[in-house]
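Read the structure below first, then the notes.
Start at 1 with the first residue, then count along the sequence.
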Amino acid sequence: MSFPEFKTKIERGDTVILYLSVTSIFPLQVEPKMTNKKGNLVDNIFQTVYGALRVSELEGQRYGTKVALSKGWALVLAPTCDLWTQCLPHRTQILYTPDISLIVAQLELRPGCKVVEAGTGSGSLSHSILRTVKPDGELHTFDFHEGRADAARQEFALHGYKEPLVRVAHRDVCALGFDPVDAASVDAVFLDLPCPWDAIGHARKALRPGGRIAIFSPCVEQVVRTKEALLKNDFFETETIECLCKELSVQYRTHGKLNLAGSEEQERYLTSLPCASIPGHSGFLTFATLKPWATPC
């Protein structure tokens with residue numbers, strides 16, 4: 001229950017992030033007991049490459065503590081939505097920080113905003129939206145898969161996010177819309193659906209005039225159909241962005257050169273080089289604004 005508030009000490013029931021390395025980050029629930037795969041209640045002991053950790057021993061320690069393991073050590077960090085995105089249990093493919101930050105900025109989210117999201121998926125974007133709109137905002141998130149909706153509802157409650165800040169519903173929004181969300185009451189809508197154009201009309205009904213919409217689509221053919229639907233439903237200022245990050249590695253390099261005497265000497269200089277592995281295409285993000293003069297449905 002440590003996501004919504006700042007805390008210095010770990011309490012029972014908190015979700016903490018165990019940081020071993022850049023590629024080894026794990027979420028832990030601080031409870032003395034856990035249920036194993038056979039359904040039996042056992043001591044909550046987490047196994048790592050550096051040795052075992054008895055999770056109950058974290059209770060009372062400060063966030064950021066360096067804990068000793070039998071073959072090394074780890075850091076116990078306070079959970080943030082960015083760290084959660086890196087280690088959450090995947091129920092679907094997820095959005096990562098580069099796309100998430102662009103979505104939050106383009107939707108002009110701020111504390112107090114009312115947001116509709118479809119579909120919920122693994123809740124990666126949902127956590128960032130909640131961090132942005134709390135304490136007085138609202139997130140109405142929908143998923144057509146009942147099991148995923150139930151899992152997300154339990155996860156939000158475990159992290160301390162409850163109604164009216166977040167409401168999770170199992171619904172096919174393309175066919176049934178965003179009920180019970182009131183018409184013309186929402187500041188922003190986000191769609192991550194196979195056929196988002198089928199939900200554009202429902203989004204137009206839920207959005208207030210001047211509200212923003214964002215749609216994530218893996219394929220450009222989806223973008224074309226989505227833009228056609230946006231233009232037919234009183235949206236303008238449409239744009240599509242592909243967010244690609246290029247990380248540079250800053251390092252010292254040396255090379256030989258001839259001096260005036262004709263002998264070779266080494267020169268050392270600082271430069272930046274592209275990393276060997278560069279993330280590729282994740283999807284296309286389409287943004288648009290509902291015309292401020294549009295008549296509410």
Side-chain angles (χ1 to χ4, degrees), residues 1-37 40-91 94-101 104 122-132 134-135 151-152 154-162 165 245-252 270 272-279:
M1 295 173 62
S2 47
F3 270 80
E5 57 188 16
F6 174 79
K7 299 170 70 173
T8 57
K9 289 191 175 182
I10 300 170
E11 300 176 5
R12 180 175 296 191
D14 282 357
T15 300
V16 301
I17 305 297
L18 188 70
Y19 185 97
L20 300 176
S21 69
V22 175
T23 56
S24 296
I25 306 174
F26 305 96
L28 301 178
Q29 201 68 28
V30 182
E31 296 288 354
K33 300 287 183 179
M34 63 175 290
T35 304
N36 63 13
K37 294 180 179 179
N40 300 323
L41 203 61
V42 297
D43 289 340
N44 191 359
I45 298 175
F46 186 75
Q47 301 290 341
T48 78
V49 294
Y50 301 121
L53 172 68
R54 187 175 291 274
V55 179
S56 60
E57 294 178 355
L58 298 177
E59 189 176 346
Q61 297 196 46
R62 294 179 67 87
Y63 281 105
T65 296
K66 185 176 180 179
V67 294
L69 303 172
S70 60
K71 300 177 183 178
W73 53 271
L75 292 173
V76 184
L77 305 179
T80 65
C81 47
D82 306 301
L83 286 172
W84 180 249
T85 289
Q86 296 181 53
C87 62
L88 58 76
H90 285 225
R91 297 181 286 272
I94 68 169
L95 293 175
Y96 289 93
T97 301
D99 284 329
I100 290 173
S101 58
V104 170
S122 300
S124 175
L125 175 63
S126 308
H127 279 75
S128 290
I129 293 175
L130 288 169
R131 175 180 64 178
T132 308
K134 70 180 181 68
Q154 295 171 14
E155 204 167 72
F156 292 141
L158 194 64
H159 294 168
Y161 292 124
K162 301 178 181 179
L165 179 61
C245 290
K246 182 178 180 180
E247 184 180 353
L248 296 176
S249 174
V250 179
Q251 56 186 266
Y252 280 100
L270 188 65
S272 62
L273 299 170
C275 291
S277 176
I278 299 177

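- For the pair Y19 and L77, the tightest heavy-atom approach, listed with the atom from each and the gap, is CB-CD1, 3.9 Å.
- Between E5 and K134 there is no salt bridge, since no side-chain nitrogen of the basic residue lies less than 4.0 Å from a carboxylate oxygen of the acidic one.
- Between atom CZ of residue F46 and atom CG of residue L69 there is a gap of 10.0 Å, rounded to the nearest 0.5 Å.
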Problem set entry | From CA spacing to verdict: side-chain contact (heavy atoms from CB on, under 4.5 Å), L158, E155 | CA-CA 5 Å; L158 194 64; E155 204 167 72; 5.6 Å; no

For this session: Might you work through the side-chain contact (heavy atoms from CB on, under 4.5 Å) test for L18 and L58, ending with a clear yes or no?
Result: CA-CA 11 Å; L18 188 70; L58 298 177; 5.6 Å; no

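- Of all the heavy atoms in K33 and D43, the pair that sits closest is NZ-OD1, 2.6 Å.
- Put simply, the side chain of H159 does not reach to within 4.5 Å of the side chain of P79, judged on heavy atoms.
- Ring geometry, F3 versus W84: the interplanar angle exceeds 60°, so the pair is classed perpendicular (tilted spans 30 to 60°).
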For this session: Apply side-chain contact (heavy atoms from CB on, under 4.5 Å) to the pair N40 and T35, showing each step before the final yes or no.
Result: CA-CA 5 Å; N40 300 323; T35 304; over 6 Å; no

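- Under a 3.5 Å cut-off, the side chain of Q29 and the backbone N or O of G13 do form a donor-acceptor pair.
- Taken from CG in L83 to OG1 in T15, the straight-line distance is 12.5 Å, to the nearest 0.5 Å.
- In this structure A52 satisfies the side-chain contact (heavy atoms from CB on, under 4.5 Å) test together with I45, Q47, sequence neighbours excluded.
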For this session: Give the C-alpha distance, both sets of side-chain angles, the deciding distance and a yes or no for side-chain contact (heavy atoms from CB on, under 4.5 Å) between W73 and V67.
Result: CA-CA 6 Å; W73 53 271; V67 294; over 6 Å; no

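- Nearest heavy-atom pair, C87 versus I17, reported as atom, atom and distance to 0.1 Å: SG-CD1, 3.8 Å.
- Considering only heavy atoms from C-beta on, K9 stays 4.5 Å or farther from E59 through its side chain.
- Counting non-hydrogen atoms of other residues, nucleotides and ligands closer than 6.0 Å to OH of Y50 gives a total of 12 or fewer.
- For the pair R131 and D82, the salt-bridge criterion is met [side-chain N within less than 4.0 Å of a carboxylate O].
- F156 and Y161 have perpendicular rings, their planes meeting at more than 60° on a 0 to 90° scale where under 30° would count as parallel.
- Scanning both residues, S128 and C81, for their nearest heavy atoms gives OG-SG, 3.6 Å.
- Using modelled atom types, no side-chain atom of S24 and backbone atom of S21 make a donor-acceptor pair closer than 3.5 Å.
- N44 contributes a side-chain N or O that, together with a main-chain N or O of E31, makes up a donor-acceptor pair within less than 3.5 Å.
- Rounding to the nearest 0.5 Å places CG of L20 at 9.0 Å from CD1 of I25.
- Shown here for R91 and A151, the closest heavy-atom pair between the two residues is CD-CB, 3.7 Å.
- Proximity of Y63 to D14: side-chain heavy atoms (C-beta onward) are separated by under 4.5 Å at one or more points.
- Rounding to the nearest 0.5 Å gives a distance of 8.5 Å between CG of L95 and OG1 of T85.
- D99 places no side-chain N or O within donor-acceptor distance of the main-chain N or O of Y96, the cut-off being under 3.5 Å.
- The structure places CD of Q61 at 12.5 Å from OG1 of T8, a figure rounded to the nearest 0.5 Å.
- Scanning both residues, P32 and S56, for their nearest heavy atoms gives CA-CB, 3.8 Å.
- A distance of 5.5 Å separates CG in L88 from OG in S124, rounded to the nearest 0.5 Å.
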